[in-house]
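First the structure, in the form of structure tokens, and then the observations on it.
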Amino acid sequence: MKLHYGIAVASAKQLNDLPGLEKVDFLELPTFLRDEPDLVIPPVWKKRLHRAGGRREARTLSSLVCAGSGIKLEYFRMFSACCADFSRWGAKEITLCVDWEAAFSDTDYAVNLREILRCCFGITEKYRLKPVLELRIPGSAVLDPAKFIKFRNSLLIPVRTLVDLHPHEPGALEFLEKFSAAMPFDSSCFRISFDAAGGNYLTVKLLEKICRHIRPAGAETPQICFYPGKNADREAYLLLETVMQ
């Protein structure tokens, strides 16, 4: 099975120190990086920028659920500016993180969140960015994949799912198996997150276990984006090429 490999960074320093990595097809940048005054995307990576990752978005979107119209409008202006920048830089996708625990346990919260997401999706469409919903595994919030499917389908908008897998956390691979069985058509886009600086490493054997649950969605080539943590150095990124098949 052919795969597209990607790399995610957490800071401008990581981006500047990033080696060329010839086996890597695309780059993911966090949305907050656009606030860096001296941000420069190295030429070797500029053409490979594919996704803006919103790993900090869950708390922001959660606070908007009970916010007034003025605060929501200000957020949508900020989100629009973010989409405009990343679209201009060449990105094709932007992710949104959600507090799934609250969405699944509180009906009113889910209704309000649904409307906020629809507004966000309208903005992404304006800038020709594909919206992506992040789903963290493992995560106590997502005990039943069926709840996620129901909520996502209720949006009535085609939206891709990014599985943010933390393979070194207890129960991660067991839940991945449960997830892939329940959502076979949502198992084509992964971010594999781990703390390389803390001693966690991605091995060929572990990657093979993960790849067993990856399934192509239509004609799209499955994606695996590697994120070795906010404190990862150049060597941690170089090691990732050794596990890429």
Side-chain angles (χ1 to χ4, degrees), residues 4-11 14-15 24-35 41 45 48-64 75-76 78-103 113-114 116-139 141-142 145 148-149 151-153 155 157-166 176 179 183 185-194 214 217 220-230:
H4 281 164
Y5 290 113
I7 287 293
V9 300
S11 66
Q14 279 187 336
L15 177 61
V24 175
D25 301 297
F26 66 93
L27 172 69
E28 176 186 288
L29 295 180
T31 53
F32 62 81
L33 209 58
R34 64 179 286 271
D35 296 327
I41 303 175
W45 286 105
R48 287 186 271 179
L49 176 60
H50 178 71
R51 182 186 302 135
R55 287 188 292 273
R56 294 183 180 180
E57 289 295 322
R59 186 176 300 175
T60 302
L61 289 176
S62 182
S63 66
L64 285 179
Y75 171 78
F76 293 139
M78 181 182 66
F79 183 68
S80 180
C82 180
C83 288
D85 283 342
F86 276 100
S87 178
R88 176 167 51 83
W89 296 339
K92 302 296 187 295
E93 297 179 345
I94 187 166
T95 71
L96 289 163
C97 293
V98 170
D99 183 348
W100 295 114
E101 188 170 9
L113 176 63
R114 189 178 296 115
I116 291 171
L117 287 174
R118 284 173 177 166
C119 290
C120 289
F121 294 161
I123 294 170
T124 62
E125 183 178 12
K126 175 182 178 181
Y127 294 104
R128 298 183 180 180
L129 292 171
K130 292 182 179 179
V132 180
L133 289 179
E134 289 199 25
L135 187 66
R136 190 188 194 280
I137 293 180
V142 191
F148 174 80
I149 297 172
F151 180 87
R152 189 203 56 190
N153 291 348
L155 294 170
I157 296 171
V159 57
R160 196 175 191 186
T161 301
L162 170 65
V163 178
D164 185 25
L165 178 65
H166 295 249
L176 175 59
F179 169 84
M183 303 175 63
F185 298 107
D186 288 84
S187 300
S188 65
C189 185
F190 282 76
R191 183 195 298 124
I192 301 179
S193 301
F194 57 100
I214 296 176
E220 291 186 352
T221 302
Q223 296 179 356
I224 295 183
C225 184
F226 299 107
Y227 174 56
K230 62 182 181 180

Hey, is CZ on Arg88 packed in by over 12 heavy atoms from elsewhere, all under 6.0 Å? yes
Looking only at heavy atoms, the pair that brings Leu129 and Ala91 closest together is CD2-O, 3.2 Å
Quick one, Leu133 with Trp100, criterion side-chain contact (heavy atoms from CB on, under 4.5 Å). Give me CA distance, side-chain angles, the key distance, then yes/no. CA-CA 11 Å; Leu133 289 179; Trp100 295 114; 4.0 Å; yes
Nearest heavy-atom approach of Gln14 to Ser11 is N-OG, 3.1 Å
Value for NE2 (His166) from CZ (Arg191), rounded to nearest 0.5 Å, stands at 7.5 Å
Distance-only, no hydrogens or angles: does the Arg48 side chain make a donor-acceptor pair with backbone N or O of Val24 under 3.5 Å?
yes
d(Leu96 CG, Leu113 CG) to nearest 0.5 Å is 9.5 Å
**Prompt:** Between Trp45 and Val9, is any pair of side-chain heavy atoms under 4.5 Å apart?
**Reply:** no
- Query: Is the backbone N or O of Gly90 less than 3.5 Å from a side-chain atom of Lys92, with the two atoms forming a donor-acceptor pair by type?
  - Reply: yes
Taking every heavy atom of Arg51 against every heavy atom of Cys225, the minimum-distance pair comes out as NH1-CB, 4.1 Å
Closest non-hydrogen contact found for Ala8 with Pro228 is O-CD, 4.1 Å
*Ring geometry between Tyr5 and Phe226 (parallel below 30°, tilted from 30 to 60°, perpendicular above 60°)*: parallel
Does the Ser87 side chain pair with the main chain of Tyr127, one donor and one acceptor, at a distance under 3.5 Å? yes
dist His50:NE2 -> Ile7:CD1 (nearest 0.5 Å) comes out at 14.0 Å
- Look at the side chain of Arg136 and the backbone N and O of Pro138, then say whether any donor-acceptor pair between them is shorter than 3.5 Å. yes
Interatomic distance, CZ@Phe76 vs SG@Cys83, rounded to 0.5 Å, equals 11.5 Å
d(Leu135 CG, Leu165 CG) to nearest 0.5 Å is 10.5 Å
I want to check something: taking the side chain as every heavy atom from C-beta on, are Leu61 and Phe79 in contact at a cut-off of under 4.5 Å?
no
On a heavy-atom basis, the closest approach of Ala52 and Thr31 is CB-CG2, 3.9 Å
d(Ile224 CD1, Asp25 CG) to nearest 0.5 Å is 11.0 Å
Smallest heavy-atom separation, Leu15 atom then Ile41 atom, equals CD2-CA, 4.2 Å
The side-chain hydrogen bond (donor to acceptor under 3.5 Å, both in side chains) partner of Thr95 among Glu134, Arg160, Lys130 is Glu134
Would you please classify the geometry between the Phe86 ring and the Trp89 ring as parallel, tilted or perpendicular, with 30° and 60° separating the classes? perpendicular
ask   = With distance as the sole test, does Glu93 use its side chain to make a donor-acceptor pair with the main-chain N or O of Glu28 at under 3.5 Å?
value = no
